[in-house]
Protein chains: 2
Amino acid sequence: MSDQSDVLAANNAFYEAFATSNLGAMDEQWAREASVVCLHPGWNALHTREEIVASWAGILGNGGGPEIRCEAANAHVHGDMAFVVCNEVLPGATLAATNVFIREQGEWRICHHHAGPIPQPRQEELSRESLN
Amino acid sequence: MSDQSDVLAANNAFYEAFATSNLGAMDEQWAREASVVCLHPGWNALHTREEIVASWAGILGNGGGPEIRCEAANAHVHGDMAFVVCNEVLPGATLAATNVFIREQGEWRICHHHAGPIPQPRQEELSRESLN
């Protein structure tokens with residue numbers, strides 16, 4: 001596989017762990033050697049692996065994490081680092097995400113996750129626009 | 001300077017262009033060779049240099065862009081790619097940003113910008129909490 005498809009496979013593995021609320025698999029995706037950062041929507045940035053894995057334990061719960069699907073992913077690879085921009089489709093909302101990956105011992109692992117809302121127009125604003 | 005301080009200098013130059021509404025300087029910061037992406041808060045991702053520079057023209061206006069200050073920046077460098085996570089302080093709001101940089105012809109240039117809100121607790125929620 002090309003580096004690009006390897007990175008997209010790593011991105012898919014991240015969302016597979018997320019979607020199946022598999023904390024062990026999620027832990028496995030995160031870089032072991034590189035410095036790591038995680039910016040969950042509405043949180044301040046987490047800067048240690050311990051904090052990040054603990055945050056995922058809270059989010060994924062006991063198999064009861066959110067229903068999530070990754071769409072429109074594109075990968076940008078430069079040497080042993082890459083970033084992916086994609087959409088995260090949740091029931092009732094779509095988020096945009098940036099995921100940064102690093103190649104450690106031949107494996108692409110995530111070292112930064114940043115997800116945030118793509119605001120939807122409010123119904124009342126849509127109604128107001130249709131009146132103008 | 002170390003790679004890390006070079007990357008932080010490039011990140012500062014990006015926010016200097018932003019804060020001074022200098023479209024020429026903003027254009028200059030963006031990568032020429034690498035693929036580029038930009039995720040402004042509340043927008044869908046822009047994937048071409050032309051769209052991105054045009055978006056900055058709209059945001060920066062005729063010298064009337066938003067008052068913005070970058071804080072708490074930290075850089076993570078791997079070879080010729082790096083990412084910076086920082087806060088963007090605007091009047092009345094703080095955003096979190098991920099900026100990805102690439103070294104082209106010896107210069108660190110931005111190839112991805114993703115900014116989004118860090119939601120603040122609402123005053124009514126704070127009041128409710130203090131009652132419980």
Side-chain angles (χ1 to χ4, degrees), chain A residues 3-4 7 31 33-49 52 70-89 93-104 108-122 125, chain B residues 3-4 7 30-31 33-49 52 71-89 93-104 108-122 125:
Chain A
D3 281 350
Q4 202 169 41
V7 168
E33 296 159 17
S35 53
V36 288
V37 189
C38 188
L39 260 168
H40 296 298
W43 296 42
N44 287 311
L46 304 174
H47 288 277
T48 71
R49 204 178 188 288
I52 292 170
C70 168
E71 283 189 355
N74 56 83
H76 307 255
V77 187
H78 298 271
D80 288 331
M81 198 177 203
F83 70 96
V84 172
V85 177
C86 59
N87 288 339
E88 299 182 348
V89 182
T94 300
L95 309 185
T98 297
N99 297 317
V100 183
F101 293 85
I102 187 153
R103 185 154 37 194
E104 288 184 342
W108 287 103
R109 292 187 181 135
I110 192 164
C111 60
H112 177 45
H113 169 67
H114 178 178
I118 307 179
Q120 312 292 324
R122 290 186 205 163
E125 285 171 1
Chain B
D3 281 349
Q4 201 168 41
V7 168
W30 283 83
E33 296 159 17
S35 54
V36 288
V37 190
C38 189
L39 261 168
H40 295 298
W43 296 41
N44 287 310
L46 304 175
H47 287 278
T48 71
R49 202 178 191 288
I52 292 169
E71 283 188 354
N74 57 83
H76 307 255
V77 187
H78 298 272
D80 288 330
M81 200 178 201
F83 70 97
V84 172
V85 177
C86 59
N87 288 339
E88 298 182 349
V89 182
T94 300
L95 308 184
T98 297
N99 297 316
V100 183
F101 294 84
I102 187 152
R103 185 154 35 194
E104 287 184 342
W108 287 101
R109 292 189 181 134
I110 192 164
C111 61
H112 177 45
H113 170 67
H114 178 178
I118 308 178
Q120 312 292 323
R122 291 187 207 163
E125 285 172 0

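Keep in mind that this is a model prediction, so the values were computed, not measured. Chain A is the first sequence line, chain B the second, and so forth, proteins listed ahead of strands; every chain is numbered from 1.
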Should Phe83(B) and Thr98(A) count as side-chain neighbours, where that means a heavy-atom distance under 4.5 Å?
-> no
Out of curiosity, His47(B) NE2 to Asn74(A) CG, how far, rounded to the nearest 0.5 Å?
-> 4.5 Å
Could you have a look at Asn87(A), Asn44(A), Ile102(A) and say which one has the most heavy-atom pairs with chain B under 4.5 angstrom?
-> Ile102(A)
Pick one of side chain, backbone, both or neither for Ala82(B), based on which atoms fall under 4.5 Å of a heavy atom in chain A.
-> backbone
Atom CE in Met81(A), atom NE2 in His78(B): separation rounded to 0.5 Å?
-> 4.5 Å
Considering non-hydrogen atoms only, spot the tightest contact between Ser35(A) and His76(B) and give its length.
-> OG-ND1, 2.6 Å
